[in-house]
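What follows is one structure encoded as structure tokens, with my remarks underneath.
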Protein chains: 2
Amino acid sequence: MTRPAPASKPRISASEIAGAIVRAIESGELHPGERLVEADLCLRFGTGRQAVREALQQLKAAGVVEIVPNRGAHILAISAEQAILTLEVTELLFGLAARSAARRIVAGADASSLERAVAELEACRDAGDAASYMHARRHLFGALAHIAANPELTRSLDQARVHVMRGQFGFAMMRGEHAGELAQVGKLVLSGHAAEAEVAARAYVERIRHRLETP
Amino acid sequence: MTRPAPASKPRISASEIAGAIVRAIESGELHPGERLVEADLCLRFGTGRQAVREALQQLKAAGVVEIVPNRGAHILAISAEQAILTLEVTELLFGLAARSAARRIVAGADASSLERAVAELEACRDAGDAASYMHARRHLFGALAHIAANPELTRSLDQARVHVMRGQFGFAMMRGEHAGELAQVGKLVLSGHAAEAEVAARAYVERIRHRLETP
DNA sequence: TGTCAACAGATTGTCGACAATCCCGGCGAC
DNA sequence: GTCGCCGGGATTGTCGACAATCTGTTGACA
């Protein structure tokens, strides 16, 4: 190899910028309605405007921002009604992910990532702050999608997840009981009970949705 | 208004380029594995390279093309196994679209677009070629998504639809019997039978999936 | 005082050019 | 005959600059 390592060029790609923006929204650093000015993002990530523009296009496709011609991008607010609609989709996708992953584990797929995610969830079930719960939940979703090995499901779930995790309603999903529920879903998947895992996964999402419907 | 009409600026946007490429793949004009060279697309659509690059980014996010650094984009092939996995997701989404649309119609939503789509499907059920069937099916999907009024569902369904429609397996879905099945789904939605419409919608997708599983 | 028009600043949309990288052919050495 | 090396051509990645557009403000006028 002529080149020693790709680390010699740590340039940030468009996808990484998009991910960083999403995490900033999740953490409350950026809030809905706020404008995303290209020049600011260039300074923030130390990259050119082209990469920033591509990142904004990706976020637009994911429904995170809206881009109006000649006026730039701003973070979309999500109403409670829209969040409920999104969770209707998430319920189906998460259920399918749990069912497929359970079947794949029965078929001998590698379950180590899911085991780690479940352990992480149980660790923050009792004494966990919001950030660690979000981190653990992200791990669980990622592990399920990875094990399910369904590219289309992974993509849809990723976008739906991104869509709901936005600041406004994040607080409604950061309770310790939810960490326990999610860990239970992971355990059912690990034990290979596909149907029960799907039911538990859908019930988890449905409970969050009901909490939004009746505040 | 100082500006008479937006028609004075008929510049093609990135989304339109992406849509045109997808339709070209559907129609067989472009086939999986083919490279998409930026300069060629610029000449084809008469636009700059930036718009083409944004379109390719959108197609990458939708899973239609793969972009490898410094080597450009090429159309992804989809194996029968991947098509089956995609249809697992489509089955859920299409079922939800049918159920939600039926409920919204009961609640008084405008059904004219769906009525037109059903009429179009019935017209090409008997003596319809592949192109008109594809057109009618696109209309039905669009009408259901519009009536369901769930942005997240619309986005997911749109991407999943794009993903499956690619050339290789298009032929497997162009039979007259399918037009009749789809028309039946539309009629059930129009009559407001949410549960039955969902069952019919899922059965429609499942049948296609089974045909792929057992050739 | 209220309203409208023009101006200034800021931001986005687009184009062209250059550097970096990769594929593909030939060429020489073993 | 096969392997490794290396230019040539083609293509992508990135940067800078300019034009087009929008927002907010200022000022004149009824």
Side-chain angles (χ1 to χ4, degrees), chain A residues 1-21 24 30-77, chain B residues 1-21 24 30-77:
Chain A
M1 296 188 196
T2 59
R3 201 172 23 174
S8 61
K9 186 199 183 186
R11 177 150 265 147
I12 303 176
S13 75
S15 303
E16 292 170 302
I17 295 176
I21 293 175
L30 300 173
H31 50 83
E34 189 166 341
R35 286 187 59 195
L36 294 176
V37 179
E38 295 180 1
D40 297 349
L41 299 175
C42 291
L43 267 69
R44 173 171 186 156
F45 297 106
T47 180
R49 230 165 50 126
Q50 182 141 354
V52 168
R53 284 178 68 83
E54 286 181 1
L56 290 177
Q57 287 291 328
Q58 291 180 16
L59 293 177
K60 170 194 168 193
V64 177
V65 307
E66 184 186 24
I67 298 181
V68 305
N70 296 315
R71 288 188 51 190
H74 57 95
I75 302 172
L76 275 175
Chain B
M1 296 189 194
T2 60
R3 200 171 24 172
S8 61
K9 185 198 180 188
R11 178 149 266 148
I12 303 177
S13 75
S15 301
E16 291 170 303
I17 295 175
I21 292 175
L30 300 173
H31 49 83
E34 191 167 339
R35 286 186 60 195
L36 293 177
V37 178
E38 294 180 1
D40 297 348
L41 298 175
C42 290
L43 266 70
R44 175 169 185 159
F45 296 106
T47 181
R49 234 166 45 123
Q50 183 139 357
V52 168
R53 285 178 67 84
E54 286 181 359
L56 291 177
Q57 288 291 328
Q58 291 180 16
L59 293 177
K60 171 193 168 192
V64 177
V65 307
E66 183 188 26
I67 298 180
V68 304
N70 295 316
R71 288 188 51 190
H74 57 94
I75 302 171
L76 275 175

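In what follows, chains carry the letters A, B, and so on, assigned in the order in which the sequence lines appear, proteins first and then strands, with residues in each chain numbered from 1.
Rounded to an integer number of Å, the gap from B/K60 NZ to D/dG13 C1' is 13 Å. For A/L41 and C/dT11, the CG to P distance is 12 Å, given to the nearest whole Å. Distance A/L43 CG to C/dT11 P: 12 Å, rounded to the nearest Å. Here the C1' atom of nucleotide D/dT21 and the CD1 atom of A/I67 are 16 Å apart, to the nearest Å. The CD atom of B/E16 sits 15 Å away from the P atom of C/dG13 (whole-angstrom rounding). Atom CD of B/Q50 and atom P of D/dA19 are 17 Å apart (whole Å).
Taking the screw axis at each terminus of the helix from C/dT1-D/dA30 to C/dC30-D/dG1 from five consecutive base pairs, the angle between the two is 0° to within rounding of 10 degrees.
Residues passing the salt bridge (charged side-chain N to carboxylate O under 4.0 Å, His left out) test with A/R71: none are found, sequence neighbours excluded. For A/R49, the side chain to side chain donor-acceptor pair (under 3.5 Å) partners two or more places apart in sequence, or in a different chain, are A/E38. Take B/R44 and apply the salt bridge (charged side-chain N to carboxylate O under 4.0 Å, His left out) test, not counting sequence neighbours, and it matches B/E29. Considering only residues two or more places apart in sequence or on other chains, A/E54 meets the salt bridge (charged side-chain N to carboxylate O under 4.0 Å, His left out) condition with B/R53.
Looking at every heavy atom in both residues, B/A18 comes nearest to B/Q58 through CB-OE1, 3.9 Å.
Note that the CD atom of A/E66 and the NZ atom of A/K60 stand 9.5 Å from one another [nearest 0.5 Å].
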From CA spacing to verdict: side chain to side chain contact (heavy atoms under 4.5 Å, CB included), A/L30, A/I75: CA-CA 8 Å; A/L30 300 173; A/I75 302 172; 3.7 Å; yes
Full working for side chain to side chain contact (heavy atoms under 4.5 Å, CB included) between B/I21 and B/V64: CA-CA 10 Å; B/I21 292 175; B/V64 177; 5.7 Å; no
Detail all sub-3.5 Å separations between protein N/O atoms and N/O atoms belonging to nucleotides 7-12 of chain D.
{"residue": "D/dT12", "atom": "OP1", "partner": "B/E38", "partner atom": "N", "Å": "3.4"}
{"residue": "D/dT12", "atom": "OP2", "partner": "B/E38", "partner atom": "N", "Å": "3.4"}

